[in-house]
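Contents: one structure, followed by commentary.
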Amino acid sequence: MTHTIEVVDRNEKVEAEDGQDVLNALLEGGVDWMHACGGFCNCTTCRIKIEEGSENISDMEKDEKNTLRRFQGEEVLDGSFRLSCQVKVYGDIKISEPEWY
Ligand code: FES
């Protein structure tokens, strides 16, 4: 089963396997996406904003929350900002690139 990830502010779409992380799906689909730490939850350059389909992704784990807080502060912990290397996809979603860099 595959799902669609649409990057709304870039007008790009990729397919993701069920349970695949967003970063891998983007890279495999040919979308250039920053991932400075290599997908190890130790930077925030892979950040995404969930625009639609928040019910179709994995919940935020402690590591992701800690990394977001450490690099970006409490204000980004509203649940819509996520680290693409940590988010698993279980249905169609729409994302964008946050502007806090
Ligand atoms: S690539 Fe560094 S936290 Fe995702």
Side-chain angles (χ1 to χ4, degrees):
M1 191 194 332
T2 60
H3 312 295
T4 303
I5 301 173
E6 183 176 344
V7 188
V8 292
D9 55 346
R10 293 197 195 178
N11 210 14
E12 293 187 278
K13 269 186 196 170
V14 299
E15 293 296 309
E17 296 295 325
D18 192 53
Q20 186 176 18
D21 67 69
V22 172
L23 177 63
N24 263 317
L26 290 172
L27 296 177
E28 281 179 13
V31 176
D32 186 24
W33 206 268
M34 284 258 291
H35 52 290
C37 77
F40 288 100
C41 198
N42 203 23
C43 69
T44 52
T45 60
C46 70
R47 81 278 179 196
I48 53 175
K49 184 168 193 282
I50 307 296
E51 300 288 352
E52 277 181 39
S54 57
E55 68 280 11
N56 293 332
I57 58 173
S58 56
D59 290 338
M60 192 183 290
E61 305 276 347
K62 207 170 145 201
D63 280 356
E64 183 182 357
K65 192 174 278 187
N66 287 342
T67 298
L68 276 167
R69 183 186 286 122
R70 181 156 50 99
F71 284 90
Q72 304 296 339
E74 288 292 326
E75 61 274 17
V76 304
L77 292 177
D78 70 358
S80 61
F81 296 108
R82 300 290 305 267
L83 299 177
S84 64
C85 67
Q86 303 300 306
V87 176
K88 295 190 174 15
V89 187
Y90 300 105
D92 295 348
I93 61 169
K94 293 186 181 183
I95 64 170
S96 64
E97 192 168 9
E99 289 174 358
W100 27 272
Y101 275 84

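We count ligands from 1, going down the list as the structure has it; atoms in each ligand are counted the same way. Counting from 1, the numbers follow the sequence of the chain as shown.
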- Of the backbone and side-chain N, O or S atoms of Cys41, does one lie nearer to atom 4 (Fe) of ligand 1 than 2.8 Å? no
Within a distance under 4.0 Å of any heavy atom of [X], pick out the atoms of ligand 1 and give their elements.
| X | value |
| --- | --- |
| Gly39 | 1 (S) |
| His35 | 1 (S) |
| Cys46 | 1 (S), 3 (S), 4 (Fe) |

- Message: Return the closest protein heavy atom for atom 3 (S) of ligand 1 as residue, atom name and distance.
- Response: Cys43 O, 3.0 Å
- Over all atoms of both residues, closest heavy-atom pair of Met60 and Phe81: CE-O, 3.6 Å
- Query: What do you reckon, does Asn42 put a non-hydrogen atom under 4.0 Å from ligand 1?
  - Reply: yes
- Does any N or O in the side chain of His35 come within less than 3.5 Å of the main-chain N or O of Trp33, such that one atom is a donor and the other an acceptor? yes
- Message: Is it the case that the side chain of Asp21 and the backbone of Lys88 share a donor-acceptor pair, with hydrogens and angles ignored and the cut-off at 3.5 Å?
- Response: no
- Item | Thr2 vs Glu17, side-chain hydrogen bond (donor to acceptor under 3.5 Å, both in side chains): CA-CA, chis, key distance, verdict | CA-CA 5 Å; Thr2 60; Glu17 296 295 325; over 6 Å; no
- Measure from atom 2 (Fe) of ligand 1 to each N, O or S atom of Cys37 and report whether any distance is below 2.8 Å. yes
- Pairwise side-chain contact, Ile5 with Val22, heavy-atom cut-off 4.5 Å (strictly under): yes
- Message: So Glu6 and Glu12, do their side chains get closer than 4.5 Å, heavy atoms only?
- Response: no
